[in-house]
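Just below is one structure, and these are the notes that go with it.
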Amino acid sequence: QVQLVESGGGLVQAGGSLRLSCAASGRTFTRHAMGWFRQAPGKELDVVAAITRSGGVTYYADSVKGRFTISRDNAKSTMYLQMNSLKPEDTATYYCAGKESYKLELRDYDYWGQGTQVTVSS
């Protein structure tokens, strides 16, 4: 069992930056592929970025490429999402998720955080 807790959301102006963190409990973080998802009101849950358990391979949705960076610190059992050049359309609830896997995973995650709100004003 892995428990995930997100932090770092908030209100920011367009063009600004935020860094989200996802802290994992337990001692199995290094066995888990991880991902960031977001859901805007009235829209589906979409994958934003994902990372393998080693951190060696990453994925980004086209809408965030070049602006967001996913990373992880396995020693701290924490994953991050650095978000730069934020746009109003990035406004959503952001969730971190984990799945025991050696591959890059984009769906069917087993563990989810409670979510953190990101609001970008124009």
Side-chain angles (χ1 to χ4, degrees):
Q1 189 86 14
V2 175
Q3 292 184 324
L4 304 173
V5 179
E6 302 99 335
S7 62
L11 173 64
V12 63
Q13 288 189 331
S17 297
L18 284 174
R19 188 176 83 153
L20 304 184
S21 298
C22 173
S25 66
R27 295 177 290 179
T28 62
F29 183 70
T30 54
R31 297 209 299 259
H32 287 74
M34 300 292 295
W36 286 101
F37 292 74
R38 68 185 181 187
Q39 187 168 30
K43 296 192 176 181
E44 293 184 349
L45 185 69
D46 291 325
V47 59
V48 174
I51 190 166
T52 54
R53 61 187 188 183
S54 69
V57 180
T58 58
Y59 163 88
Y60 296 96
D62 287 343
S63 58
V64 307
K65 277 181 184 176
R67 300 188 299 122
F68 290 11
T69 302
I70 189 171
S71 62
R72 63 190 294 163
D73 185 337
N74 285 343
K76 296 182 178 179
S77 297
T78 302
M79 176 179 65
Y80 305 97
L81 186 68
Q82 178 66 44
M83 305 186 295
N84 298 329
S85 302
L86 282 161
K87 304 175 181 180
E89 51 263 44
D90 294 317
T91 295
T93 301
Y94 284 71
Y95 299 90
C96 68
K99 179 178 181 179
E100 190 166 340
S101 172
Y102 67 91
K103 302 184 298 181
L104 189 69
E105 301 286 352
L106 302 184
R107 60 184 60 86
D108 300 328
Y109 277 78
D110 298 314
Y111 305 107
W112 293 84
Q114 82 288 351
T116 186
Q117 179 66 37
V118 171
T119 302
V120 184
S121 63
S122 57

Practice problem: Step by step, work out the side chain to side chain contact (heavy atoms under 4.5 Å, CB included) result for Thr116 and Leu20. | Solution: CA-CA 8 Å; Thr116 186; Leu20 304 184; 4.0 Å; yes
Practice problem: Over all heavy atoms of both residues, which pair between Ser122 and Pro88 is shortest? Give the atoms and the distance, please. | Solution: CB-CG, 3.8 Å
Quiz item: Looking only at heavy atoms, what is the nearest atom pair of Glu105 and Ala33, with distance?
Solution: CG-CB, 3.9 Å
Exercise. Tell me, please, which residues at least two apart from Glu100 pass side-chain hydrogen bond (donor to acceptor under 3.5 Å, both in side chains).
Key: Arg31
Quiz prompt | Listed once per pair and sorted, the salt bridge (charged side-chain N to carboxylate O under 4.0 Å, His left out) pairs that draw on residues 43-62, sequence neighbours left out | solution = Asp62-Lys65
Quiz item: By the rule that ILVMFWY residues connect when side-chain heavy atoms come within less than 4.5 angstrom, directly or transitively, which residues belong alongside Tyr80?
Solution: none
Exercise. Go through the structure and list residues passing salt bridge (charged side-chain N to carboxylate O under 4.0 Å, His left out) with Arg72, not counting sequence neighbours.
Key: none
Quiz item: Within the side chain of Thr78, is there an N or O that forms a donor-acceptor pair under 3.5 Å with the backbone of Lys76?
Solution: yes
Quiz prompt | Point-to-point distance, once rounded to the nearest 0.5 Å, from CZ of Arg107 to NZ of Lys99 | solution = 9.0 Å
Quiz item: If you link I, L, V, M, F, W and Y whenever their side-chain heavy atoms are under 4.5 Å apart, who else ends up in the same group as Tyr95?
Solution: Phe37, Leu45, Val47, Val57, Tyr59, Leu104, Leu106, Tyr109, Trp112
Quiz item: Looking only at heavy atoms, which two atoms of Leu18 and Gly8 are closest? And how far apart?
Solution: CD2-O, 3.8 Å
Quiz item: Is a side-chain N or O of Ser25 found less than 3.5 angstrom from the main chain of Gln3, in a donor-acceptor match?
Solution: yes
Self-check item: side-chain hydrogen bond (donor to acceptor under 3.5 Å, both in side chains) partners of Ser63, counting only residues at least two apart
Solution: Arg38
Practice problem: Check the pair Tyr94, Gln39 against side chain to side chain contact (heavy atoms under 4.5 Å, CB included), reporting the backbone distance first and the verdict last. | Solution: CA-CA 7 Å; Tyr94 284 71; Gln39 187 168 30; over 6 Å; no
Quiz item: Quick one: salt bridge (charged side-chain N to carboxylate O under 4.0 Å, His left out) pairs with a partner in residues 111-122, sequence neighbours left out?
Solution: none
Quiz item: Can you list every disulfide bond (SG atoms under 2.5 Å apart) pair that touches residues 65-122, not counting sequence neighbours?
Solution: Cys22-Cys96
Quiz item: If you take all heavy atoms of Gln117 and Thr91, which pair is closest and at what distance?
Solution: NE2-CG2, 4.0 Å
Quiz prompt | Ser85 to Asp90 - nearest heavy-atom pair and separation | solution = O-OD2, 4.5 Å
Quiz item: Please, which pairs that meet side chain to side chain donor-acceptor pair (under 3.5 Å) have at least one residue in residues 9-22, sequence neighbours excluded?
Solution: Ser17-Asn84
Practice problem: Just jot down the ring pair (Phe, Tyr, Trp, His ring centres under 6.0 Å) partners of Tyr60, sequence neighbours excluded, or say none. | Solution: none
Self-check item: Reported CG-to-CD1 distance for the pair Leu81 and Ile51, which is rounded to 0.5 angstrom
Solution: 10.0 Å
Self-check item: side chain to side chain contact (heavy atoms under 4.5 Å, CB included) between Thr52 and Tyr102, worked out
Solution: CA-CA 7 Å; Thr52 54; Tyr102 67 91; over 6 Å; no
Quiz prompt | Contact summary for Phe29 and Asp73, nearest pair of heavy atoms | solution = CE2-O, 4.2 Å
Practice problem: Starting from the C-alpha separation in whole Å, work towards a yes-or-no answer on side chain to side chain contact (heavy atoms under 4.5 Å, CB included) for Gln114 and Glu6. | Solution: CA-CA 7 Å; Gln114 82 288 351; Glu6 302 99 335; 2.8 Å; yes
Quiz prompt | Contacts of type side-chain hydrogen bond (donor to acceptor under 3.5 Å, both in side chains), residue Ser71, not counting sequence neighbours | solution = none
Practice problem: Just jot down the salt bridge (charged side-chain N to carboxylate O under 4.0 Å, His left out) partners of Glu89, sequence neighbours excluded, or say none. | Solution: none
